[in-house]
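Chain letters run A, B, ... following the sequence lines, proteins first, then strands; residues in each count from 1.
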Number of protein chains: 2
Amino acid sequence: MNSISRTPARATIVEFLSKSYSPVDVSQIVNFLRAKNLSTNKVTVYRVMDFLLEKGFIDKVEFREGKFRYEIKRDDHHHFICQNCDVVEDISDCNISVLVEEIQKKKGILIKKHSLEFFGICKNCQL
Amino acid sequence: MNSISRTPARATIVEFLSKSYSPVDVSQIVNFLRAKNLSTNKVTVYRVMDFLLEKGFIDKVEFREGKFRYEIKRDDHHHFICQNCDVVEDISDCNISVLVEEIQKKKGILIKKHSLEFFGICKNCQL
DNA sequence: GTCACTGCAAAGGCTTTGCATGTAC
DNA sequence: GTACATGCAAAGCCTTTGCAGTGAC
């Protein structure tokens, strides 16, 4: 047993993030919890997100919407957001780690994380 | 003469962005304008930023702060933000365009822009 | 006068904080 | 009982909107 308490809210949020194909925002999480008949509100969700972030279970991302989105932490991957239909695609085979290494050496800085998002038009919306 | 009206607010904001080493937020812009004895407020600044964005003079970026920052549009470049002292360094010689090309071909998507920010510890803060 | 720019007030959305209540151990 | 999780209300920012006033042409 570790010391992490597993409450219904936390467990359900992790469940929701795990089965979401793209990063979700706080409103979506609240809606999911309520659909599961869990009484909750945004404040609780924000606090759970803080907790999960601190534990390193999730990542916090931005899509230039003026709000944050969250997703289960996974291996290095990035997102493509269609500016027409808002669909989000994962970009996972992008070799950014080589760049990160180069930059670290050249600049003498220590890179702990990075954000990389692509914006454009998806395959469907080009038709 | 083009049809772009050059008001004191707009000219001064462009001046400020031009001489800023890193992206600035709306509060910083308001402060700069007031220091120049220009009466203004946030709403006006937001509207000027919309105008400049639409004209393609500036870019809007996010540093995971829950707000937007703005900078003069320049050639492809990115930012490194020190998580300790908040200093921002430009990362300009990063060959991401190759990756963009690859991804476009592989996924059949059309990439119009991307955001790439690095977070970590700068040279000074490692001492 | 017309049109665009600006200013003020208000509202809306996202996020955080304070405090009280509830729950697990 | 203690420590932590949750809920509600309120507040704090950032940003947008409505409407009136100002100024350039």
Side-chain angles (χ1 to χ4, degrees), chain A residues 1-17 22-55 57-71 81 86 115 117, chain B residues 1-17 22-55 57-71 81 86 115 117:
Chain A
M1 282 291 276
N2 59 29
S3 63
I4 296 167
S5 62
R6 206 161 178 71
T7 68
R10 289 181 184 173
T12 312
I13 288 175
V14 169
E15 175 203 340
F16 181 47
L17 293 189
S22 56
V24 296
D25 63 28
V26 168
S27 292
Q28 291 174 291
I29 295 171
V30 169
N31 290 342
F32 183 83
L33 291 173
R34 294 203 169 135
K36 290 265 178 177
N37 288 316
L38 290 173
S39 131
T40 193
N41 61 41
K42 286 194 171 190
V43 175
T44 298
V45 173
Y46 278 113
R47 287 200 265 238
V48 172
M49 301 330 273
D50 282 345
F51 171 86
L52 296 173
L53 275 168
E54 202 178 309
K55 296 292 177 189
F57 293 158
I58 62 172
D59 277 322
K60 192 173 177 178
V61 298
E62 291 177 304
F63 289 171
R64 294 195 187 165
E65 302 166 300
K67 68 183 173 187
F68 294 107
R69 289 178 175 270
Y70 305 86
E71 66 181 345
I81 300 104
D86 291 331
S115 65
E117 271 78 45
Chain B
M1 284 287 276
N2 58 31
S3 63
I4 295 167
S5 61
R6 203 159 181 73
T7 68
R10 288 181 184 173
T12 312
I13 288 175
V14 169
E15 175 203 341
F16 182 47
L17 293 189
S22 55
V24 296
D25 63 29
V26 168
S27 292
Q28 291 175 291
I29 296 171
V30 168
N31 290 340
F32 182 83
L33 291 172
R34 294 203 169 135
K36 291 265 178 180
N37 288 315
L38 290 173
S39 132
T40 192
N41 61 38
K42 287 194 170 190
V43 175
T44 298
V45 173
Y46 278 113
R47 287 200 266 236
V48 172
M49 301 330 274
D50 282 347
F51 171 85
L52 295 174
L53 276 168
E54 203 178 309
K55 296 292 178 188
F57 293 159
I58 63 172
D59 277 322
K60 192 175 179 178
V61 298
E62 290 176 305
F63 289 172
R64 294 196 187 165
E65 302 166 301
K67 68 183 174 189
F68 293 108
R69 290 177 175 269
Y70 305 87
E71 65 181 344
I81 300 105
D86 291 333
S115 66
E117 271 78 44

Participant: When you compare the side chain of A:Arg69 with that of A:Asp59, does any pair of heavy atoms fall below 4.5 Å?
Facilitator: no
Participant: Do the non-hydrogen side-chain atoms of B:Arg10 and B:Thr44 ever get within less than 4.5 Å of each other?
Facilitator: no
Participant: Taking atom P of D:dT6 as reference, at what distance in whole Å does atom CD1 of A:Ile29 sit?
Facilitator: 13 Å
Participant: Quick one, B:Leu33 with B:Phe16, criterion side chain to side chain contact (heavy atoms under 4.5 Å, CB included). Give me CA distance, side-chain angles, the key distance, then yes/no.
Facilitator: CA-CA 9 Å; B:Leu33 291 172; B:Phe16 182 47; over 6 Å; no
Participant: Rounded to the nearest angstrom, tell me the gap between atom CD1 in A:Ile13 and atom P in D:dA5.
Facilitator: 13 Å
Participant: Return the 5'-most residue of the pair B:Val43, B:Pro8 with respect to DNA chain C, ranking by each residue's nearest nucleotide.
Facilitator: B:Pro8
Participant: For the pair made of CG in B:Asp25 and C1' in D:dG12, what is the distance, rounded to whole Å?
Facilitator: 15 Å
Participant: Would you mind reading off the distance between B:Arg64 atom CZ and C:dT15 atom P, rounded to a whole angstrom?
Facilitator: 14 Å
Participant: In whole Å, what is the span from the NZ atom of A:Lys42 to the P atom of C:dT17?
Facilitator: 17 Å
Participant: What nucleotide, of D:dC14, C:dG7, C:dT6, holds the atom closest to the side chain of B:Ser27?
Facilitator: D:dC14
Participant: Quick one: is D:dT6 close enough that its OP1 or OP2 comes under 4.0 Å of any side-chain N or O from A:Thr7?
Facilitator: yes
Participant: Tell me the interatomic distance from A:Phe68, atom CZ, to D:dC14, atom C1', rounded to whole angstroms.
Facilitator: 11 Å
Participant: Using atom types as modelled and distance alone, determine if a side-chain donor or acceptor of A:Glu54 lies under 3.5 Å from a backbone N or O of A:Phe51.
Facilitator: no
Participant: Which is more 5' along DNA chain C, the nucleotide nearest B:Thr40 or the one nearest A:Arg69? Just name the residue.
Facilitator: B:Thr40
Participant: Reckon B:Tyr46 has a side-chain N or O less than 4.0 Å from the OP1 or OP2 of D:dT15?
Facilitator: yes
Participant: Phosphate oxygens OP1/OP2 of C:dC5: is one of them under 4.0 Å from a side-chain N or O of B:Thr44?
Facilitator: no
Participant: When you look at B:Arg64 and B:Ile81, which way does the side chain to side chain contact (heavy atoms under 4.5 Å, CB included) test go after all the steps?
Facilitator: CA-CA 10 Å; B:Arg64 294 196 187 165; B:Ile81 300 105; over 6 Å; no
Participant: In whole angstrom, give the distance that lies between atom CZ of B:Arg10 and atom C1' of D:dG23.
Facilitator: 13 Å
Participant: With respect to the side chain of A:Arg47, which nucleotide from C:dC19, D:dT17, C:dC5 is positioned closest?
Facilitator: C:dC19
Participant: Measure CG/B:Leu33 against C1'/C:dT6 and give the value in whole Å, please.
Facilitator: 12 Å
